[in-house]
2 protein chains.
Amino acid sequence: MALRKTFLFMDTIINKVDAKGRVSLPSDYRAIVKELSTEIVCYRSLTSPCIEGCLEDLLDKLATDMENSLDFFSQTQDDLTNLIFGDAKRFPFDSTGRIVLTEKLLKHAQITDTAVFVGKGRKFQVWNPENWEKEEARIRAEVLKNRPSLAPKENV
Amino acid sequence: MALRKTFLFMDTIINKVDAKGRVSLPSDYRAIVKELSTEIVCYRSLTSPCIEGCLEDLLDKLATDMENSLDFFSQTQDDLTNLIFGDAKRFPFDSTGRIVLTEKLLKHAQITDTAVFVGKGRKFQVWNPENWEKEEARIRAEVLKNRPSLAPKENV
DNA sequence: TTGCATACCATATTTTCCCATGTTATATAA
DNA sequence: TTATATAACATGGGAAAATATGGTATGCAA
């Protein structure tokens with residue numbers, strides 16, 4: 001397989017969640033994980049009723065950044081690491097490509113028997129179908145309304 | 001088992017502590033210790049009523065950083081390292097995956113029969129359940145309030 | 001010996017792994 | 001292009017392994 005240059009979570013995939021919390025990770029996502037020899041990490045979104053996921057490498061980078069930027073005994077660092085790493089968990093997938101979501105995550109995202117995977121580039125989200133439908137509509141409306149201010153030069 | 005690239009303590013795990021102070025180390029944590037052929041080190045948190053733990057390697061890194069630091073003669077850092085290294089102790093786990101916490105540590109964290117392990121990336125903490133519940137609420141409120149200024153570059 | 005700490009054993013429960021099957025997507029040949 | 005073969009994927013169920021946790025035995029030291 002040719003090595004790719006970019007690794008982005010994309011597309012929107014709907015999969016079943018069984019009674020054990022098992023759900024197939026979209027095959028495109030699995031390909032990324034395999035190629036980078038890493039793992040998926042998931043945690044509750046801080047701001048939305050959904051599960052958020054990323055590659056373990058990203059959290060490792062975060063851990064290193066915090067070690068280097070804030071001093072060893074910083075209170076702020078303490079709070080942040082507790083919140084992020086206390087909630088995150090690795091989710092290795094089995095030979096059939098499934099991960100087992102925890103009760104905590106499913107409850108936070110109000111997911112019962114169906115999950116919607118939504119690509120976000122370096123991250124992805126997992127939603128309850130109805131919630132995602134509303135959220136997507138909201139986002140579309142929001143983006144259209146603010147369109148002029150999204151031009152690259154006006155960012156940051 | 002494929003060698004992993006990253007070693008992070010994550011997730012929040014609740015385990016029983018028996019009359020002897022025995023408690024199962026979360027299996028994810030044990031996997032890291034085994035894979036790196038190292039040991040867990042625990043000490044009383046300097047700032048919170050909890051036990052703090054990490055890999056022995058990290059304390060070694062701390063010692064090295066102190067040697068190389070411009071603050072080599074800093075009274076504060078000197079005091080802090082005294083406190084940590086004076087308090088730290090290795091905690092090997094037995095064949096069933098348990099460590100035996102000392103009376104000193106349990107008392108400091110006000111732990112009796114239940115312990116909450118909270119991942120912090122390179123470190124982890126062990127809390128009394130009620131205290132952790134309050135602490136988590138405090139952190140969430142604090143982080144949400146200051147969120148913009150806490151975003152480390154591209155993350156969160 | 002007695003007290004204490006460590007190592008060993010037993011078991012219920014949880015989690016992971018493996019197999020089977022229907023379905024979808026992709027490739028190949030007519 | 002269309003039909004057919006092949007491979008990849010999603011998903012359900014059950015077997016096997018790992019985990020958490022209580023209890024007992026063993027060794028060492030006071």
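Below, chains carry the letters A, B, ... as their sequence lines are ordered, and counting in each starts from 1.
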Open item on the list: With a cut-off of less than 4.0 Å, is there a side-chain N or O of R30(A) near OP1 or OP2 of dA10(D)?
Closed with: yes

TODO: With heavy atoms under 4.0 Å as the rule, sort S27(A) into base, sugar-phosphate or nothing.
DONE: sugar-phosphate

Open item on the list: In whole Å, I'd like the distance from the CD1 atom of I13(B) to the C1' atom of dT21(D).
Closed with: 15 Å

Open item on the list: Whole angstroms only, please: what is the CZ-P distance between R22(B) and dT6(C)?
Closed with: 11 Å

- [ ] Could you point out which residue of R122(B), K5(B), R4(B) forms a salt bridge (Lys or Arg N to Asp or Glu O under 4.0 Å) with D60(A)?
- [x] R122(B)

- [ ] Give D94(B) one of three labels, base, sugar-phosphate or nothing, depending on what nucleic acid heavy atoms sit under 4.0 Å from its own.
- [x] nothing

TODO: Grab the CD1-C1' distance between I99(A) and dA10(D) for me, whole Å please.
DONE: 14 Å

TODO: Nearest-nucleotide wise, let me know which of T96(A) and K20(A) is further upstream toward the 5' end of DNA chain C.
DONE: K20(A)

Open item on the list: Hydrogens and angles aside, do W132(A) and E130(A) bring a side-chain donor and acceptor to less than 3.5 Å of each other?
Closed with: no

TODO: Check the pair N131(A), Q110(A) against side-chain hydrogen bond (donor to acceptor under 3.5 Å, both in side chains), reporting the backbone distance first and the verdict last.
DONE: CA-CA 9 Å; N131(A) 289 347; Q110(A) 302 177 296; 2.8 Å; yes

Task: Whole-Å distance separating the CZ atom of F93(A) from the P atom of dC17(C) - done: 12 Å

TODO: Grab the CG-P distance between D113(B) and dA20(D) for me, whole Å please.
DONE: 17 Å

Open item on the list: What is the separation between atom CG on N15(B) and atom P on dA18(D), rounded to the nearest whole Å?
Closed with: 19 Å

Open item on the list: It should be established whether R98(A) places a side-chain nitrogen or oxygen under 4.0 Å from OP1 or OP2 of nucleotide dC18(C).
Closed with: no

Open item on the list: Tell me the interatomic distance from D28(B), atom CG, to dA20(D), atom C1', rounded to whole angstroms.
Closed with: 14 Å

- [ ] Whole angstrom is fine here: how far is it from CZ in F117(A) over to C1' in dA10(D)?
- [x] 12 Å

Open item on the list: Whether the side chain of D87(B) engages the backbone of Y43(B) through a donor-acceptor N/O pair (distance < 3.5 Å, no angle test) should be reported.
Closed with: no

